[in-house]
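Structure first, then comments.
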Amino acid sequence: MLFLSSDHAGFELKNSLKKFLTEQKIAFDDLGCDSPAPCDYPDYGHKLAVKVLENPDNRGVGICGTGLGISMALNRHAGIRAARAVSVEDAELSRRHNNANVLVLAGRQLDAQLATAMLEKFLTTEFEGGRHETRVRKIEIS
Ligand code: RB5
């Protein structure tokens, strides 16, 4: 399942992505927020991390104003590899090389067209494995 989560600063971009996903008949679950009223990005980052970690096939999209705060909250969770991406290439490499399970976007910096292209790339790109497998394993600390 694909989970979406944002604070108020990501609310509008999240709505644009929801429209794209609905048109493409891609199933998703929106974990909030549900309005542009101010809220706290860590709440939505932690909520998203918990849902993504329920199944290895799950993916997430986290959005706040810059993408910075929500990525910090997400990446506190072992097993979450949240990639704050600013380009389609970032989105692609985050999957191919880093096996990212969450795409993080800046709601106040990205236009909907670019963000949509990034999401599409993120969802359709597989992890390459091989030499990247060892490196990705080393991200986790015990
Ligand atoms: C909210 O104003 C803003 O600080 C938040 O969305 C995010 O950009 C924090 O990293």
Side-chain angles (χ1 to χ4, degrees), residues 1-129 132-142:
M1 176 57 74
L2 173 65
F3 295 96
L4 308 183
S5 185
S6 77
D7 73 355
H8 56 291
F11 180 70
E12 197 180 316
L13 183 60
K14 185 177 63 177
N15 281 343
S16 299
L17 297 180
K18 283 167 66 175
K19 190 167 172 283
F20 162 76
L21 292 167
T22 303
E23 283 164 5
Q24 297 296 311
K25 299 187 177 17
I26 298 171
F28 66 87
D29 189 355
D30 182 2
L31 303 176
C33 65
D34 300 318
S35 86
C39 58
D40 300 330
Y41 60 81
D43 295 338
Y44 292 93
H46 294 313
K47 197 172 174 182
L48 178 59
V50 169
K51 294 304 285 184
V52 169
L53 289 169
E54 282 178 357
N55 185 311
D57 292 331
N58 285 346
R59 297 281 179 269
V61 178
I63 316 173
C64 66
T66 57
L68 294 171
I70 200 164
S71 70
M72 290 176 192
L74 281 156
N75 281 316
R76 296 303 297 263
H77 295 255
I80 289 292
R81 291 175 301 280
R84 177 185 180 266
V86 299
S87 65
V88 174
E89 187 183 15
D90 275 354
E92 180 178 359
L93 290 175
S94 77
R95 289 288 310 130
R96 281 174 51 191
H97 290 190
N98 313 114
N99 200 12
N101 48 14
V102 180
L103 176 67
V104 179
L105 300 170
R108 287 179 174 154
Q109 296 170 3
L110 293 172
D111 68 45
Q113 200 181 348
L114 174 57
T116 302
M118 290 163 68
L119 174 58
E120 193 169 20
K121 187 60 82 176
F122 182 79
L123 294 177
T124 55
T125 305
E126 294 298 321
F127 179 46
E128 273 180 17
H132 300 294
E133 188 79 59
T134 313
R135 296 167 185 166
V136 167
R137 212 174 310 121
K138 284 184 174 181
I139 292 173
E140 296 297 332
I141 47 175
S142 47

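Sequential numbering from 1 along the given sequence is applied to the chain's residues. As the structure lists them, so they are numbered: ligands from 1, and atoms in each ligand from 1.
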Region of A9 engaging ligand 1 - heavy atom pairs below 4.0 Å: side chain
Geometric class of the F127/H132 ring pair [parallel <30°, tilted 30-60°, perpendicular >60°]: tilted
Ligand 1 atoms in contact with H8 (distance to a heavy atom under 4.0 Å): 1 (C), 2 (O)
Ligand-residue contact atoms, ligand 1 with C64, heavy atoms, under 4.0 Å: 6 (O), 7 (C), 8 (O), 9 (C), 10 (O)
Any donor-acceptor pair under 3.5 Å from R84 side chain to S71 backbone: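 Side chain of R84 to backbone of S71, a donor-acceptor pair under 3.5 Å: no, none is there.
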Any donor-acceptor pair under 3.5 Å from D111 side chain to L114 backbone: yes
Q24 CD: over 12 foreign heavy atoms closer than 6.0 Å: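 For Q24, atom CD is crowded (more than 12 foreign heavy atoms under 6.0 Å).
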Over 12 non-hydrogen atoms of neighbours within 6.0 angstrom of CD in E140: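 Counting neighbours around CD of E140, more than 12 heavy atoms of other residues, nucleotides or ligands fall under 6.0 Å, so yes.
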Identify the closest protein heavy atom to [atom]: which residue and atom is it, and at what distance?
atom                   : value
atom 9 (C) of ligand 1 : Y41 CE2, 3.4 Å
atom 6 (O) of ligand 1 : D7 OD2, 2.6 Å
atom 2 (O) of ligand 1 : R108 NH1, 3.1 Å

Quick check: does [X] get an N/O under 3.5 Å from an N/O on ligand 1?
X   : answer
G65 : yes
G69 : yes
T66 : yes

Cationic N near anionic O, under 4.0 Å, D30 to K14: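 Yes.
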Straight-line distance of R76 CZ to H46 NE2, nearest 0.5 Å: 8.0 Å
